[in-house]
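Since this is a predicted model, take the numbers as computed values, not measurements. A, B, ... follow the sequence lines: proteins, then strands. Residue 1 opens every chain. Excluded from the calculations below are hydrogen atoms, water molecules and symmetry mates; all remaining heavy atoms, backbone and side chain alike, are included.
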Protein chains: 2
Amino acid sequence: MYSKELLKGTLSTIILNLLKVNGEMYGYEITQSVKLKSAGKIEIREGSLYPALHKMLADGLIKAREEQAGRRIRVYYSLTESGINSLETRKEELFGFLETLIQILNPSYPILPDAR
Amino acid sequence: MYSKELLKGTLSTIILNLLKVNGEMYGYEITQSVKLKSAGKIEIREGSLYPALHKMLADGLIKAREEQAGRRIRVYYSLTESGINSLETRKEELFGFLETLIQILNPSYPILPDAR
DNA sequence: AAATATACATAGATAAACGATGTATATTAA
DNA sequence: TTAATATACATCGTTTATCTATGTATATTT
């Protein structure tokens with residue numbers, strides 16, 4: 001597991017990107033997806049995930065739909081128009097930052113291509 | 001300027017790396033160096049820098065040497081043995097995280113080489 | 001002479017992610 | 001069958017990194 005500090009500032013971007021790729025996901029599914037895709041090296045805690053989802057919902061970046069799964073309720077989230085735009089902006093900023101960071105830390109590293 | 005949240009978790013690593021590359025630097029010099037190398041896109045605030053330096057000093061990662069510059073005092077910092085090791089560990093963790101992050105955000109991106 | 005740059009410092013604010021805790025249903029293992 | 005674990009949601013308070021604001025003082029440029 002990586003230091004939790006590294007995740008700061010990128011968690012919402014990760015969530016938005018997953019929603020874009022998969023169209024619709026529920027909370028628990030997001031945590032499992034990140035865990036799987038990162039080979040266990042990034043784990044989004046529920047104490048981080050749900051507040052983040054609620055904030056993005058309040059900010060109009062995502063929308064929610066409740067679905068009955070057996071006797072339990074699942075809340076499916078998907079991107080709004082605003083969320084799609086926000087994701088693009090965030091990814092551009094993030095990749096720009098990473099490019100700069102890598103340049104400072106190790107100038108011999110190859111530069112990342114544009115976020116597209 | 002990038003979101004300050006993105007810098008969280010990487011600031012100390014940036015400082016340690018600069019000290020390794022340049023051998024010895026004073027605080028103000030570090031802020032200017034980062035500003036220059038990042039083309040103004042990353043600016044370390046003095047309210048972030050000095051507490052970070054003081055913490056790393058207390059943690060034994062860096063050592064300090066005061067030098068009189070005219071009538072003013074400059075505090076030059078350099079890495080300790082512990083700091084050299086810490087930097088290597090941090091860089092490995094950081095580049096590992098970045099690799100995972102990029103993979104999650106955009107699997108088509110090229111993978112970064114090992115941090116060496 | 002005034003404005004800006006250099007050079008240090010610290011106290012309090014902000015905000016993101018987390019740990020702990022709680023509730024409840026579903027599934028797997030003992 | 002029952003105990004343990006996994007699924008699925010939620011919230012409160014804690015932690016901690018960075019920043020804003022503020023302060024002091026010297027040096028340089030306008």
(request) Measure the distance from CZ on R65(A) to C1' on dC9(D) and round it to the nearest whole Å. (result) 16 Å
(request) Specify the separation, in whole Å, of atom CZ of R45(B) and atom P of dA13(C). (result) 20 Å
(request) Ignoring backbone atoms, establish whether R74(B) has a side-chain N or O less than 4.0 Å from OP1 or OP2 of dA7(C). (result) yes
(request) Report the nucleotide, chosen from dT6(C), dT7(D), dA9(C), that has the shortest atom-to-atom distance to any side-chain atom of Y28(B). (result) dT6(C)
(message) Tell me the interatomic distance from Y2(B), atom OH, to dC19(D), atom P, rounded to whole angstroms.
(response) 15 Å
(message) Strictly below 4.0 Å: does S48(B) bring a side-chain N or O up to OP1 or OP2 of dC19(D)?
(response) yes
(message) Considering every strand and a 4.0 Å limit on heavy-atom distances, what is the contact class for L11(B): base, sugar-phosphate, or nothing?
(response) sugar-phosphate
(request) Mind listing the closest non-hydrogen atom pair of I62(B) and T80(B) along with its distance? (result) C-CG2, 3.6 Å
(message) Side-chain N or O of H54(B) versus OP1/OP2 of dT10(C): is the shortest distance under 4.0 Å?
(response) yes
(message) On DNA chain D, does the nearest nucleotide to K4(A) precede the nearest nucleotide to G27(A) from the 5' side, or the other way round? Give the residue.
(response) G27(A)
(request) Looking at every strand, decide which applies to S3(B) at a 4.0 Å heavy-atom threshold: base, sugar-phosphate, or nothing. (result) nothing
(request) Take the protein atom CG of L49(A) and the nucleotide atom P of dC12(D), then report the distance between them rounded to whole Å. (result) 17 Å
(request) Starting from C1' on dT18(D), measure out to NZ on K55(B) and report it in whole angstrom. (result) 14 Å
(request) Measure the CD1-CD distance between I73(B) and Q68(B) for me, rounded to the nearest 0.5 Å. (result) 5.0 Å
(message) Checking contacts here: which listed nucleotide (dA17(C), dT18(D), dT6(C)) is nearest the side-chain heavy atoms of Q32(B)?
(response) dT6(C)
(request) Mind calculating the distance between OH (Y26(B)) and P (dT26(D)) to the nearest angstrom? (result) 18 Å
(request) Send over the distance from L7(A) CG to dA17(D) P, rounded to a whole Å. (result) 15 Å
(message) Of the options dC8(C), dT7(D), dA17(D), whose atoms approach the side-chain atoms of E46(B) most closely?
(response) dC8(C)
(request) May I ask you to decide whether R72(B) forms a salt bridge with E67(B), counting only side-chain N to carboxylate O separations under 4.0 Å? (result) no
(message) Any side-chain N or O of R72(A) below 4.0 angstrom from OP1/OP2 of dC9(D)?
(response) no
(message) Less than 4.0 angstrom from a charged side-chain N to a carboxylate O is my criterion; do R65(A) and E24(A) meet it?
(response) yes
(message) Less than 4.0 angstrom between a side-chain N/O of Y50(A) and OP1 or OP2 of dA10(D), yes or no?
(response) no
(request) Could you check if a side-chain atom of R45(A) sits within less than 4.5 angstrom of a side-chain atom of K4(A), using non-hydrogen atoms only? (result) no
(request) Starting from C1' on dA24(C), measure out to CD1 on I73(A) and report it in whole angstrom. (result) 12 Å
